[in-house]
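First the structure, in the form of structure tokens, and then the observations on it.
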Amino acid sequence: MARNKYPEVTLEKILDVAQRLFLEKGFDQTTIQDIVDGLDGLTRGAVYHHFKSKDEIMDALINKMFLDNNPFDTVKGRKDLNGLQKMRMAIMLNQSNHENMDMSVQSIPILKNPRILAGIIESNRQLLSPSFFELIEEGNKDGSIDTKYAKELSELIPLLELWLMPSIYPADAEEMYRKFSFIHELLNHMGLPLFDEEMIRMIKQSFSVIEKMD
């Protein structure tokens with residue numbers, strides 16, 4: 001069999017088909033064979049060459065979607081916003097990206113897989129924490145943030161998001177909102193008043209959606 005000269009093209013195609021199917025049918029209802037059937041002649045072997053499982057496809061897809069529409073890149077060059085405002089806007093942009101949010105909701109069940117969870121934590125460490133750190137430091141310099149724990153908070157915020165996931169720590173919508181209220185007060189106390197009223201409203205609505213999917 002001839003070697004594939006363009007493995008990155010095959011990888012992109014697998015992720016594109018998987019994204020469409022996960023959004024149309026749902027993660028649980030989509031099979032590897034469904035993905036193969038959408039690949040116009042590629043085989044199961046081509047899929048398994050890149051991914052060991054459907055969970056790995058979802059993991060890679062979430063990273064790709066974030067990098068393709070990285071909200072931190074969008075806000076970084078905004079001269080009209082201070083560091084705190086950039087953090088808020090990045091979170092709002094991520095929340096308002098319906099495809100990203102739908103995919104995040106679809107991914108909730110696979111967080112029970114320890115390997116996938118470890119991969120997401122590592123991805124957050126490499127992608128999210130440095131972006132949060134940069135903006136917290138910018139906020140410290142422009143006065144919109146006042147904390148001596150920039151590095152610690154930049155590492156903690158992505159972990160707190162996982163703490164809110166009911167597939168990891170079982171909770172109903174009311175309990176998730178209580179946890180969020182705790183995070184809100186904690187960040188305020190640490191000099192990072194991250195959540196304004198509009199963000200609180202959006203996040204509270206998202207908890208109801210997550211609860212229904214869990």
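Quick caveat: nothing in here was measured; it's all calculated off a predicted structure.
Here the closest non-hydrogen pair linking I121 and L162 is CG1-CD1, 3.6 Å. Shown here for F22 and K54, the closest heavy-atom pair between the two residues is CZ-CG, 3.9 Å. Minimum heavy-atom separation, I145 to G191: CG2-O, 3.3 Å. Here the closest heavy-atom approach between residue E138 and residue L81 is recorded as OE2-O, 4.2 Å. Taking every heavy atom of both residues into account, M87 and L135 meet most closely at CG-CB, 3.5 Å. Here the closest non-hydrogen pair linking I57 and L15 is O-CD2, 3.9 Å.
Counting only heavy atoms from C-beta outward, the side chains of P71 and I91 never approach each other to under 4.5 Å. Side-chain contact check for K151 versus E155: some heavy-atom pair is nearer than 4.5 Å. Looking at heavy atoms from C-beta onward, T43 lies out of side-chain contact with V36 at the 4.5 angstrom threshold. Using a 4.5 Å heavy-atom threshold, the side chains of K148 and N140 count as separate. Two residues are said to be in side-chain contact when any heavy atoms from C-beta on lie closer than 4.5 Å; V47 and L42 fail this criterion. You'll find the side chain of S129 reaches within 4.5 Å of the side chain of P158, heavy atoms only.
Note that CD1 of I157 is 11.5 Å distant from OG of S131, once rounded to the nearest 0.5 Å. Note that CD of E175 is 12.0 Å distant from CG of L164, once rounded to the nearest 0.5 Å. We find the CG-CD distance between N124 and E161 to be 7.0 Å, quoted to the nearest 0.5 Å. If you take CE on M58 and CD on Q19, they are separated by 10.0 Å, rounding to the nearest 0.5 Å. Atom CG of L156 is separated from atom CE of M190 by 9.0 Å, given to the nearest 0.5 angstrom. Residue L128 holds its CG atom at 8.5 Å from CG of N70, rounded to the nearest 0.5 Å.
Annotation: E152, atom CD; neighbour count of heavy atoms from other residues, nucleotides and ligands within 6.0 Å is above 12. In the displayed structure, D196 atom CG is contacted under 6.0 Å by more than 12 heavy atoms of other residues, nucleotides or ligands.
Looking at E137, its side chain never comes within 3.5 Å of a backbone N or O of E134 through a donor-acceptor pair. In this structure, T31 contributes its side chain and D34 its backbone to a donor-acceptor pair below 3.5 Å. Here the side chain of N82 pairs no donor or acceptor atom with the backbone of G143 at under 3.5 angstrom. Checked by atom type and distance alone, the side chain of R88 pairs as donor or acceptor with a backbone atom of L194 at under 3.5 Å.
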Can L160 and K179 be said to form a side-chain contact (heavy atoms from CB on, under 4.5 Å), step by step? CA-CA 9 Å; L160 290 174; K179 287 183 177 183; over 6 Å; no
Does the side-chain contact (heavy atoms from CB on, under 4.5 Å) test come out yes or no for I200 and Y177, once each step is laid out? CA-CA 9 Å; I200 292 172; Y177 185 69; 3.7 Å; yes
side-chain contact (heavy atoms from CB on, under 4.5 Å) evaluation trace for R44 with Y48: CA-CA 6 Å; R44 291 176 70 93; Y48 283 116; 3.4 Å; yes
For side-chain contact (heavy atoms from CB on, under 4.5 Å), just list the numbers for M165 and M176, CA-CA rounded to whole Å, side-chain angles, deciding distance to a tenth of an Å, and then say yes or no. CA-CA 8 Å; M165 289 294 180; M176 283 188 282; over 6 Å; no
Could you walk me through whether D142 and S144 satisfy the side chain to side chain donor-acceptor pair (under 3.5 Å) test, starting with their C-alpha distance in whole Å, then the side-chain angles of each, then the deciding distance to 0.1 Å, before giving a yes or no? CA-CA 6 Å; D142 65 37; S144 60; 2.7 Å; yes
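Residues L153 and F133 do not share a hydrophobic cluster, clusters being chains of Ile/Leu/Val/Met/Phe/Trp/Tyr side chains in contact below 4.5 Å. By the criterion of side-chain heavy atoms lying less than 4.5 angstrom apart, applied directly or through intervening Ile, Leu, Val, Met, Phe, Trp or Tyr residues, F72 is grouped together with L93 in one hydrophobic cluster. Residues M199 and F132 are members of one and the same hydrophobic cluster, defined by side-chain heavy-atom contacts under 4.5 angstrom among Ile, Leu, Val, Met, Phe, Trp and Tyr. Connection of I183 to L192 is established within a shared hydrophobic cluster, with ILVMFWY side chains joined at heavy-atom distances below 4.5 Å, either directly or through further cluster members.
When the options I32, L11, D59 are evaluated for a side chain to side chain contact (heavy atoms under 4.5 Å, CB included) with F51, the one that passes is L11.
Residues E122 and R125 are paired through a salt bridge, judged by an N-O separation under 4.0 Å between the basic side chain and the carboxylate. Contact check on E24 versus R20 returns a salt bridge, with a Lys/Arg side-chain nitrogen under 4.0 Å from an Asp/Glu carboxylate oxygen. Between E12 and K64 there is a salt bridge, since a side-chain N of the basic residue sits under 4.0 Å from a carboxylate O of the acidic one.
Note on ring orientation: taking the six-membered ring where Trp is involved, the planes of H184 and F180 are parallel (angle under 30°, cut-offs 30° and 60°).
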